[in-house]
Amino acid sequence: MWLRITLLVALAFIPQGCARKDPAVDNLIGSEPQRLSFGPPPQVLQTFVEKMKLCWFGTGETLAGYRYEAGERYPGEDAQSPEGYPNVKLFEPGDGPPLFEIQFHKYNDNTLIVTRNYAMSTELSTKVKRDIQLWALQGRDCTS
């Protein structure tokens with residue numbers, strides 16, 4: 001009887017060991033919420049930045065007074081993503097380290113959007129993450 005139970009438990013764990021793991025996702029362990037968006041990273045980044053300017057940085061908007069930089073992390077620059085990726089970093093007014101980062105990783109023919117909160121307030125980062133999840137669907141306005 002114990003032999004049968006042991007054999008069943010061992011068989012239950014075999015598929016996990018054989019499952020193919022995606023290195024693009026494995027390298028992002030420790031990141032914050034991830035969202036899949038259709039299209040290659042440069043296209044998704046361009047659409048995202050246009051919407052971000054309209055919805056976050058206008059007068060009276062969520063990040064009015066903050067600033068952003070869109071850039072590129074080159075292969076080998078980030079140990080967690082050896083292939084490199086485009087990104088957007090959000091900063092408080094003036095100089096200082098980034099508060100928040102949005103990364104755009106190639107995932108097959110699409111883009112995996114990953115966020116990292118370095119020092120943004122919980123309230124503000126919650127709003128930013130919610131908007132990013134909505135915008136990944138590539139709607140036409142600030143709420144989609």
Side-chain angles (χ1 to χ4, degrees), residues 5-144:
I5 292 172
T6 304
L7 183 59
L8 287 173
V9 169
L11 287 174
F13 287 105
I14 287 175
Q16 292 175 353
C18 296
R20 183 176 175 266
K21 294 183 178 182
D22 189 316
V25 175
D26 285 348
N27 288 332
L28 302 174
I29 292 172
S31 63
E32 295 187 21
Q34 302 172 2
R35 182 74 181 207
L36 188 63
S37 187
F38 299 111
Q43 175 188 334
V44 172
L45 173 68
Q46 179 182 2
T47 302
F48 182 85
V49 169
E50 289 171 9
K51 191 171 279 194
M52 185 180 72
K53 286 183 205 177
L54 173 70
C55 303
W56 282 352
F57 291 96
T59 305
E61 295 297 335
T62 304
L63 296 175
Y66 286 73
R67 64 183 180 87
Y68 74 92
E69 292 178 6
E72 183 81 24
R73 297 292 294 253
Y74 295 101
E77 189 176 339
D78 185 343
Q80 291 186 347
S81 186
E83 296 177 6
Y85 54 87
N87 67 354
V88 173
K89 291 182 180 179
L90 305 175
F91 299 86
E92 285 183 311
D95 289 333
L99 298 175
F100 197 88
E101 181 180 18
I102 304 123
Q103 303 172 354
F104 301 85
H105 295 268
K106 182 171 175 40
Y107 186 75
N108 298 324
D109 292 331
N110 297 302
T111 301
L112 190 62
I113 300 173
V114 177
T115 60
R116 291 187 189 272
N117 184 5
Y118 299 116
M120 187 175 275
S121 72
T122 303
E123 179 183 326
L124 194 53
S125 70
T126 299
K127 166 113 174 75
V128 167
K129 288 176 198 175
R130 188 193 77 227
D131 287 350
I132 291 168
Q133 289 178 350
L134 291 173
W135 297 352
L137 303 173
Q138 297 181 357
R140 297 200 182 273
D141 62 17
C142 293
T143 60
S144 64

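Just so it is clear, the values below take in all heavy atoms, side chains as well, and ignore hydrogens, waters and symmetry mates.
Below 30°, between 30° and 60°, or above 60°: for H105 and Y85 the angle between ring planes is between 30° and 60°, a tilted geometry.
A distance of 7.5 Å separates CE of M52 from CH2 of W135, quoted to the nearest 0.5 Å. The distance from the CD atom of E101 to the OG1 atom of T115 is 9.5 Å, given to the nearest 0.5 Å. Once rounded to the nearest 0.5 Å, the distance linking CG of L36 with OG1 of T111 reads 7.5 Å. We find the OG-CD distance between S37 and Q43 to be 8.5 Å, quoted to the nearest 0.5 Å. Note that CZ of F48 is 4.0 Å distant from CD1 of I102, once rounded to the nearest 0.5 Å. Going from atom CG of L54 over to atom CD of E61 covers 7.0 Å, rounded to the nearest 0.5 Å.
Taking the side chain to side chain donor-acceptor pair (under 3.5 Å) definition, one finds that R67 meets it with E69, sequence neighbours left out. Legend: residues meeting ring pair (Phe, Tyr, Trp, His ring centres under 6.0 Å) with F57, ordered by chain and number and at least two apart, are Y68.
Side-chain contact between L112 and N110 is absent, with no heavy-atom pair separated by less than 4.5 Å. Two residues are said to be in side-chain contact when any heavy atoms from C-beta on lie closer than 4.5 Å; F91 and L99 fail this criterion. Contact annotation: the side chain of F100 approaches that of K129 to within less than 4.5 Å [non-hydrogen atoms, C-beta and beyond].
The two atoms that bring G39 and V44 nearest to each other are O-CG2, 3.6 Å, heavy atoms only. Residues A136 and I113 come closest through the heavy atom pair CB-CD1, 4.0 Å.
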